[in-house]
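Taking it in order: structure first as structure tokens, then the write-up.
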There are 2 protein chains.
Amino acid sequence: MIESPSATRRHPTILDVASHAGVSKSTVSNVVRGLPGVSEATRGRVRLAIQELGYRPNVLARQLVQQRTSILGVVVGDLANPFFAEMAKSVERHAAARGYTAMFCNTEGDSQSELAGVETLLEHRVAGIVFLAFSGDSRTMRETLQHQIPAVFVSCGAEWGDVVSVDDEVGGRMGTAHLVDAGHRRIAYLFIPELEDQSDRARWDGYCEALKAAGLGPPVRISWSPPAEHALVDGVDRPLIEVFTGPDRATGVFASNDVAAIALQEFADRVDLRVPGDISIVGFDDVPMAGLARIALTTIAQPRDELARLGIATIADRIERKLKGPPTRTLVDVTLVARRSTAPLRQA
Amino acid sequence: MIESPSATRRHPTILDVASHAGVSKSTVSNVVRGLPGVSEATRGRVRLAIQELGYRPNVLARQLVQQRTSILGVVVGDLANPFFAEMAKSVERHAAARGYTAMFCNTEGDSQSELAGVETLLEHRVAGIVFLAFSGDSRTMRETLQHQIPAVFVSCGAEWGDVVSVDDEVGGRMGTAHLVDAGHRRIAYLFIPELEDQSDRARWDGYCEALKAAGLGPPVRISWSPPAEHALVDGVDRPLIEVFTGPDRATGVFASNDVAAIALQEFADRVDLRVPGDISIVGFDDVPMAGLARIALTTIAQPRDELARLGIATIADRIERKLKGPPTRTLVDVTLVARRSTAPLRQA
DNA sequence: CTGAAATCCTGTAACGTTCCAATCTTGTGA
DNA sequence: TCACAAGATTGGAACGTTACAGGATTTCAG
């Protein structure tokens, strides 16, 4: 079959199929959707016509008349971040399994572009929104709420809406306690301010509690923007290295996520601090990289696929009205994976 | 403003806005789209009504009548693979910058789900498809071609359509030559069969040429499915370790991508082979992880963001008919990043 | 035969936009 | 005061589908 190269032939519509098969468009529609009440003979003829014309239903038109789409918006903090990448992949798979198509939008943790992204999703009349990251910006939230579109927050807290997540506070406590048990007395908390969300704050709470429970303190908060050699330590700008060399130096660090933990490990390598010799590091998430022998990061593992599965199940049930009533809160368990980035404190 | 909690109020339409502002729907449409020919006074009234009702245009309806969407389908091999994750992020950003929304679909390198994904994208009447991975399956290709929808292949070859990519053959040659220059005489080629595409094959060609040019050979082909201790070496199933311990052992490996290279490095670490002491490894892609001090992988770097930018520019130009004529082929340069996974061959 | 039920099929009215030709204002110069 | 142009506004016809009420046709028991 030769076609004129530039003549962009229009898509055949249900009407073309109908006239080609000698039936009405309603019948074609019924065949396409596999509804009963069409004779085998007609069904065959219609299918043949569909084949011959290369007809493909126009989802747009369908969705317009049905007043609902099967698209799920997915808000991701940073697609290039391994944790989000894994989550995004799982979410996409589970969404597809339930008949939804995922539409991602990437927000550099920036509530400005988060808002723009949600706006775009709403214009596309997505059936619901899955937040894998949520800045907590209240306007976005209200926008969404106001339009009565289901939203689920997976692994990122929110005051409102269905939440599927690990118990971040417990995780924070476990990670910190692991360091305490190893004899560390001065333990810092590391996080990346750009990406901080409610989950991080809960992890911080867990960290504080664990410290308190062990009679240690006060908490030390290191906020670090990755490429920096300096960091904001408890609010004052300090060369990062001092945190681990001064008289009151920290020997343990609980990081609110693996990316931060690995970045710190990298920093330590560069300035000749030993991990775990000089610093023991505990991360959070258990990204695939953390399991490499050369990284060997002790971390708090989240069951990513399970979170994605539950998240999709929750929002799908909301959309399909199988789930009604007040927001639900589903928590799944976290586990500590001990690797070689932590060790008992060397006695001085 | 109190709303009944379960009554999912319908979205206001352009007609609601029109009657609320006391104008016709056409005028509202003109205001929304920012067309000229609307008096300032009316414009203001309409904007107010939009505000008050919380109107948001329905992209579906717009696209239906306009016969085109502003959605770009993006076919990704594996979102969790760091190379694809970075590319996906860049692609999304550049697409958004040109007014397009990206719709990803993940195909586990499996041409079955690639086909299904493309099918879904076509049903959504995407304006074009960006392939970040392409199995080369001819039916998919023909499906797409047949519907006259623009497609661009970014960093993955195809016999047909616009291609934006690095010169994989040159890359393969450079990577292999780096090992040759370091004195290695027996150099293997490592790849992951599940994800092999035309780019990989071009890299293989480059590898073979470099070997030939140096008077070395024959090529050794290791196909490896990640968690395995065994591998298909030149077609025969062998314990992977033998490749690096036998009498004719390989001392250098050129891997067709960083993920494979890092997996091999991990394997080497586990079985006590030293990198680069016993094996020198060169990867391809320069994923972020490769730059970590603990990984320090020598690799061929692709300018990912540039590829994404050019890819989006190409397909956008096709869609907007600024680019006509036969398929284009844009090549961008590749650079060797020497790190610590390669070293001169130890003299035995 | 007849009437009713079952089966198969169809036509019309949405859905929420954009496009376009036509109409209604207004302002201006003669 | 009028004719005319320019500007502002409008109504109706698409776009490709689904929903649904009803129209044919067939089947079958009485």
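Chain A is the first sequence line, chain B the second, and so forth, proteins listed ahead of strands; every chain is numbered from 1.
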query = Can you pull the side-chain hydrogen bond (donor to acceptor under 3.5 Å, both in side chains) pairs that have at least one residue in residues 64-78 of chain B, sequence neighbours excluded?
reply = A:Lys89-B:Asp78
key: Partner set under side-chain hydrogen bond (donor to acceptor under 3.5 Å, both in side chains) for A:Ser26, not counting sequence neighbours   = none
message = Just to verify, what does B:Asp305 make a salt bridge (Lys or Arg N to Asp or Glu O under 4.0 Å) with, not counting sequence neighbours?
response = B:Arg93
task = Determine the contact category for B:Val23: base if any of its heavy atoms lies under 4.0 Å from a base atom, sugar-phosphate if only primed atoms, P, OP1 or OP2 are that close, otherwise nothing.
result = sugar-phosphate
remark   = With sequence neighbours left out, the residues meeting side-chain contact (heavy atoms from CB on, under 4.5 Å) with A:Arg309 are A:His94, A:Glu306
remark   = Outermost contacting nts on DNA chain D, any atom under 4.0 Å from chain A heavy atoms, listed 5' then 3', are D:dG16 to D:dA19
query = Start at the 5' end of DNA chain D and walk down; is the nucleotide closest to B:Arg45 or to A:Leu64 reached first?
reply = B:Arg45
request  = Quick one: list whatever passes salt bridge (Lys or Arg N to Asp or Glu O under 4.0 Å) with B:Arg318, sequence neighbours left out.
outcome  = B:Asp162
Scan nucleotides 17-21 of chain C against the protein and return all N/O pairs shorter than 3.5 Å with their distances rounded to 0.1 Å.
{"from": "C:dT17", "atom 1": "OP1", "to": "B:Tyr55", "atom 2": "OH", "distance (Å)": "2.9"}
{"from": "C:dT17", "atom 1": "OP1", "to": "B:Asn58", "atom 2": "N", "distance (Å)": "3.3"}
{"from": "C:dT17", "atom 1": "OP2", "to": "B:Ile14", "atom 2": "N", "distance (Å)": "2.8"}
{"from": "C:dT17", "atom 1": "O5'", "to": "B:Tyr55", "atom 2": "OH", "distance (Å)": "3.3"}
{"from": "C:dT18", "atom 1": "OP1", "to": "B:Arg62", "atom 2": "NH1", "distance (Å)": "2.6"}
{"from": "C:dT18", "atom 1": "OP2", "to": "B:Ser29", "atom 2": "OG", "distance (Å)": "2.5"}
{"from": "C:dT18", "atom 1": "O4", "to": "B:Lys25", "atom 2": "NZ", "distance (Å)": "3.3"}
{"from": "C:dC19", "atom 1": "OP2", "to": "B:Arg33", "atom 2": "NH1", "distance (Å)": "2.4"}

Positions of residues 36-43 of chain A (non-hydrogen atom under 4.0 Å from DNA chain D), listed by number = none
Atom CD of A:Glu320 with >12 non-hydrogen neighbours under 6.0 angstrom = yes
message = Please enumerate all residues that pass side-chain contact (heavy atoms from CB on, under 4.5 Å) together with A:Lys324, with sequence neighbours excluded.
response = A:Arg321
query = Mind checking what makes side-chain contact (heavy atoms from CB on, under 4.5 Å) contact with B:Ala313, not counting sequence neighbours?
reply = B:Arg98
Phosphate contact (C:dT10 OP1 or OP2) by A:Thr27 side-chain N/O below 4.0 Å = yes
message = Can you list everything that forms a side-chain contact (heavy atoms from CB on, under 4.5 Å) with B:Glu86? Sequence neighbours excluded, please.
response = A:Ala80, B:Pro288, B:Arg304
inquiry  = A:Arg125: which residues meet the salt bridge (Lys or Arg N to Asp or Glu O under 4.0 Å) condition with it, sequence neighbours left out?
reply    = none
Separation of C:dG16 C1' from A:Glu123 CD (nearest whole Å) = 14 Å
